[in-house]
Amino acid sequence: MEYNFREIEKKWQKQWKDTNAYKVSNPDSEGVIKPKFYVLDMFPYPSGAGLHVGHPLGYIASDIYSRYKRLKGFNVLHPMGFDSFGLPAEQYALETGQHPAVTTEKNIQRYHEQLDNIGFCYDWSREVRTSDPQYYKWTQYIFLQLFDSWYNRKNNCTERIATLIEIFQTEGNQSESRNPKAEIFSSEEWMRFDEAKKQEILMEYRIAFLAFGEVNWCEALGTVLANDEVINGVSERGGHPVVKKKMRQWYLRITEYADRLLQGLEQVDFSESMKEMQRNWIGKSEGAMIEFPLTPASPRGGEEPAKISAEIEAETGMVLVHGSDVENIEKASPDQKSSDLGVRDREKNIPGFGYGLYKVASEMNFKNAKEMRREPTEAENVLWHALRNRGVGYKFRRQHAIENFIADFICLDVWLIVEVDGGYHAPVEQKEADEGRDASLQQIGFTTLRFTNDEVLQNLEKVLLKIRETCDEIKVASVEKRSAAGSPSPLQGEAGVRVYTTRPDTIFGVDFMVLAPEHELVKHITTPEQKEAIDQYLTYVKSRSERERMAEVKSITGAFTGAYAVNPFDGREIPIWISEYVLAGYGTGAIMAVPCGDQRDYNFAKHFNIPITNIIGDAYNGEEANPTKDAILQNSGFLNGMVMKDAIGEVIDELEDLGIGKRQVNYRMRDAGFSRQRYWGEPFPIVYKGGVAYPLTENELPVELPYVDTYSHGPEGEGPLANLADWIIAPHGGTRETNTMPGYAGSSWYFLRYMDPYNEDQLVDRKVADYWGQVDLYIGGTEHAVGHLLYSRMWTKALFDLGYIGFDEPYKKLVNQGMIQGVSEKILRLDMNMRGEVENTNWYEFHYLDEQDNLQIQTLGRDNGYDDKGFKIYYSAEIFEILKSHKEFLKVSRNFSPLYVNVANVSDHSLNVFSFWKDEPEPNRHVFVTKVGFYYNNDFFSFHYDNENRNGVFKTVHEFEKISKSKKNVVNPDDIVERFGADTFRMYEMFLGPVEQSKPWDTKGIEGVHRFLRKFWRLFVDEVKGVIVTNEEPTAAELKVLHKTIRKIEDDTERFSFNTAVSTFMIAVNELGDLKCHKRSVLEQLVILLTPYAPHICEELWSLLGNEGSVLNAPFPTLEEKYLVESSKEYPISINGKVRANLNLSLDATQQQVEE
RNA sequence: GCCCGGGUGGCGGAAUUGGUAGACGCAGCAGACUCAAAAUCUGCCGUUCGCAAGGAUGUGCUGGUUCGAUUCCAGUCCCGGGCACCA
């Protein structure tokens, strides 16, 4: 009786099916008390190509583990399904006209067959398909829940939109404002808003929301793509160019979960590289938002100042001085024209203008930040609180803070300088100078409110009132906004340039600022002189596609706006540039450039000849930037002498004190686009009425995907559904959303549906979800690291917050199987021109390179003779000799364009020309075979030169590459199973190496594993005698082999080291073979051990041993240490670290005895 | 450029906690069985010196720690993967 794997496997697969051997029960249906274990494979997209040997790797690993856990007494959920919505089916439909539903169904059938062939223990009764209306009903349902939710930042929880409405009704949006530019409204105002306005506001909070934004538009695919579907500016699928386009799209507010997605990684068992990829994608960085004021360059003047000052004088009883515009300031005092707005020249003691608005800190020569600080006086405190309560002003912790307060009003375009004397301790001559200054200001039209502390206190209410009114008239919105947002920054909106930096410590090294070309400030600040240059640059930027922009990362481009910002610490004027290298989408779309510390800034400065300030002394070599954090700061005002990394916190503290900056965390991750202009996906359960999106109710679900017979785009970039005039009109009025959901929608929650696949009332029953809980083991490829896994984790968190499930991380442990590469075989196409018809002339021009790399032309042919140009024509047999004499050519020929040939027609790297021929759809008549190669379709293919004189053998060139149809290196698991059996295939895939590792497929090695199974079989069955198992008592040696194996297999299986487990089985079988062991008590245990790996043969042997029932339910063998105890041990004797001898000593020996 | 992995025979890979490097398999060589082949079995199989016994050497490279390093540390080179004007 031979090991007839074909019969055995067919028999048991049928048996398993007939007895529902893999049916898994939920606890409530049959009172299961076993502990649960959930093993999940990433479900496949059923592509037309079917499975190749690379696909099942992970499935086999999870199957082994599931079966192992089952033997260990767990109730194991191990389901499988299909991610059956997606682009390829639709692309195929566009090309062939076959409906995606039809091709998808066909492909799924094929997958089923292939998977069953390998003998997986899936509970097919739980199969889910994302394109099944009964499934996507719940995908749509979850979408509606996300639409009906918002993210409450206070308790970090997804909540129903109703709770937000309640907040709006009771207190407005003061505490929940999301975006600094958002309008602030009170509860009364909220009540007064009309429906459309309310919906518009709520949309800014919904987790699933509609927004008008820049999207990745792929013209070739006719759709929008998510960020992770775009790679280097081209689409992941098909490699088509992707451009930015503004469209109205659905999004998921995944950014709200950024921090939790980050923290959640600590809780789960993913590989370090996988976590790293996700962290990278989320891209959290900590730094500061800093506001650099602009130099007030716009002309000022007119009637206003005089009018206001007169009013103020009348009302407050104070004396006001008057000033004029900046140009006049400069005219009035030409010799101290400073780069700042009227910084006074102290040395010359000329009355200055706009006294110390910015430069105070540096001019006062403070050595460090501490010295600069002093506690505010009582008056200052009172004033500050009063101002603060009204939403203006900020803490007077610094002397010059008062001056900044003044600057505040200037920047608000209020023609008013309020100066509080309390913070100013100038000597007498200084005061006189100030009076002179005031006079000058008056002359040129500035308005100065000058109070002493006492006056301020006495007239505070009046002063404030006046300030407020003045502001209301001129820039009321700014003041209001700032007050509502509670922003500490008095500088608001367009008043300054906001930048985000992770290195605020380098602030004294800022030599220029760069805005993204799209930055909205650009058009406001560009000076008339620079307008042309800027416009030119903007045109240039617009002309470039995303792809070009990425391809030319290294090139440095930019333009100067003519405007300047002011460094808040030292008052230096900083030119503002625009450049592509600053991205509009990240941070604030503006940077402070520190050329001595950042290479890109350095390159930019060099390119445009911007002087570089060195703040790190010797650490900067003048030739490249040094991004260190460890250098000691110089030229850095109050930071001098500090180590950079310590200065970061210090600067942020100062910025916050000054109210011109704050600590800020930024994320690289963006909200996820959720619309696709496609047909083959989930329709949105959304109807538009009057431009407002309304959700359908639960009982209107599912919104079934309507049947179409053409798949071309709808109008204006819409999807094919937009062509269905009837369908668009919803039954209860309104028009339907015509986009469909992206591929990741269905796969974000499928693991939940497996738990309770037939539930018609809920996506999953809460009790069932509580029983199965997290996926204990998730196996799949790395390619889903950032896409599927992040979305799935986010959905889980949202569903958890909303109470649908009791856990907020879906996958407890993730194992990434490596890719199995294929061996592709190529033959080489030489550069060969064919002249005339093959049958008629039989001669060719043949191009090759000689020793000097010169191109030579040789005429070759089948018959001796000369052509019409007098070239000699050779017999084909001679061609070989010619080639041999041109070794250089043969070397070079390897680089000539290769033609992939089907690996099935290649063995031992030589091509079987005849099967290659037969493979051709229409065998080519014009074929000419010579000893050196053959002509085919007007190309010449040589065999690979071989010194062993393998004349006439078509050697191929082989390479390890990704398995793909185009490379003709697909090995179908069905073929392997047919030749060697499923058990051999399973074990061989595992034996190849660690699951996580990528490795090439080599069919040759499979023999070894097959031999092992046959050897195993022969322990039980003799070809002639039949079953030879005896009931004899096992010897100590046999028991030792068994228990050693039990321990190792258990160990290896637990830690997914399946390759070493297979070799352990081999060792055990070899050893038992040597011992001639055919004893039931040993072999029976071994059968159970092997069951997870080779289930078919084990079932057969289990029943041959006379057991009733299936080995699937046998108890896993228990390890008994007593059989492993050794009485003696070989001690290696090591001298100077080298093993010199071995001594066999009894284990009873004491340490002293051993040492002796 | 940055961040993760990794580098061990002809090949895939073992060595789980710093303790006999190369388990197991493939390929190869030699032999047994056979008319022959297949199948099966036995032996050899890192490099090197040696008839042999035995010795030397050996885990990308250079150092270090240690009685002892594939394993730990520092530096360096190479390969694979991910991210990439992210401030």
Side-chain angles (χ1 to χ4, degrees), chain A residues 2 228 231-232 271-285 287-288 290 499-504 506 510 513-514 516 549-550 552-557 579-594 597-601 603-604 627 666-670 782-783 785-786 816 818-819 821 908 960 987-988 991-994 996-1012 1014-1015 1018 1023 1048 1051-1052 1054-1055 1057 1059-1070 1073-1074 1130-1142:
Chain A
E2 227 180 298
D228 60 282
I231 291 162
N232 287 334
S271 73
E272 202 39 55
S273 67
M274 186 65 44
K275 289 184 181 181
E276 202 54 37
M277 270 190 242
Q278 294 203 11
R279 285 192 199 112
N280 236 310
W281 185 259
I282 295 168
K284 181 175 182 169
S285 75
I290 306 177
V499 301
Y500 172 74
T501 179
T502 54
R503 298 297 303 275
T506 61
V510 177
M513 316 270 273
V514 188
R549 203 168 153 168
M550 290 198 171
E552 296 166 33
V553 157
K554 298 281 176 294
S555 68
I556 300 163
T557 61
S579 173
E580 287 189 303
Y581 88 93
V582 174
L583 305 176
Y586 184 75
T588 60
I591 60 160
M592 56 178 229
V594 182
D598 183 293
Q599 193 57 42
R600 290 158 308 174
D601 297 345
N603 294 342
F604 194 87
N666 251 3
Y667 298 94
R668 188 146 71 208
M669 184 168 65
R670 306 292 143 77
T782 6
E783 65 272 21
V786 290
N816 294 114
M819 222 176 19
Q821 292 158 309
D908 202 13
F960 296 123
M987 291 195 81
Y988 182 56
F991 188 60
L992 280 173
E996 290 99 332
Q997 202 170 302
S998 287
K999 55 238 158 184
W1001 173 267
D1002 179 9
T1003 305
K1004 256 191 314 193
I1006 201 169
E1007 301 275 356
V1009 174
H1010 192 60
R1011 263 196 283 268
F1012 152 75
R1014 282 209 304 263
K1015 265 193 228 172
R1018 285 201 304 271
E1023 266 181 53
K1048 188 82 165 55
D1051 218 50
D1052 286 352
E1054 285 288 355
R1055 62 191 179 93
S1057 179
N1059 56 329
T1060 53
V1062 174
S1063 80
T1064 304
F1065 282 122
M1066 288 173 170
I1067 294 167
V1069 167
N1070 286 346
D1074 290 346
E1130 286 270 306
Y1131 281 84
I1133 309 304
S1134 163
I1135 300 166
N1136 289 337
K1138 299 271 178 224
V1139 177
R1140 299 288 159 174
N1142 283 308

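Looking at heavy-atom distances under 4.0 Å, A:Thr1064 makes no contact with the nucleic acid at all. Residue-level contact check: A:Pro1000 touches neither bases nor backbone, having no heavy atom under 4.0 Å from any strand. Contact annotation for A:Glu1007: no contact, since no heavy-atom pair falls under 4.0 Å across all strands. Residue A:Asp1002 is classed as having no contact, given no heavy-atom separation below 4.0 Å to the nucleic acid. Contacts of A:Asn1059 with the nucleic acid, taken as non-hydrogen atoms under 4.0 Å apart, involve only primed sugar atoms and P, OP1 or OP2. Residue A:Ser273 is classed as a sugar-phosphate contact, given heavy-atom separations below 4.0 Å to backbone atoms only.
Contact annotation: A:Arg1018 reaches the phosphate of B:C41 (side-chain N/O to OP1 or OP2, under 4.0 Å). Between A:Asn1070 and B:G25 there is a side-chain N or O to OP1 or OP2 distance below 4.0 Å. A close approach under 4.0 Å does not occur between any side-chain nitrogen or oxygen of A:Thr782 and OP1 or OP2 of B:G82. Of the side-chain N and O atoms in A:Gln997, one or more sit less than 4.0 angstrom from OP1 or OP2 of B:G13. Proximity of A:Tyr500 to the phosphate of B:A87: no side-chain N or O atom is located under 4.0 Å from OP1 or OP2. Within the structure, every side-chain polar atom (N or O) of A:Arg503 is placed at least 4.0 Å from both OP1 and OP2 of B:A87.
Between A:Leu992 and A:Trp1001, some side-chain heavy-atom pair lies under the 4.5 Å cut-off.
Between A:Arg1011 atom CZ and B:U40 atom C1' there is a gap of 10 Å when expressed in whole angstrom units. Separating the NZ atom of A:Lys1048 from the C1' atom of B:A23 is a distance of 9 Å, rounded to the nearest angstrom. Distance A:Phe1065 CZ to B:A14 C1': 17 Å, rounded to the nearest Å.
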Taking it one step at a time, do A:Glu1007 and A:Arg1014 satisfy salt bridge (charged side-chain N to carboxylate O under 4.0 Å, His left out)? CA-CA 11 Å; A:Glu1007 301 275 356; A:Arg1014 282 209 304 263; 5.9 Å; no
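With a glycosidic angle no further than 90° from 0, B:G9 counts as syn.
Across every strand in view, B:G58 sits unpaired, with no contact that passes the Watson-Crick or G-U test at under 3.5 angstrom.
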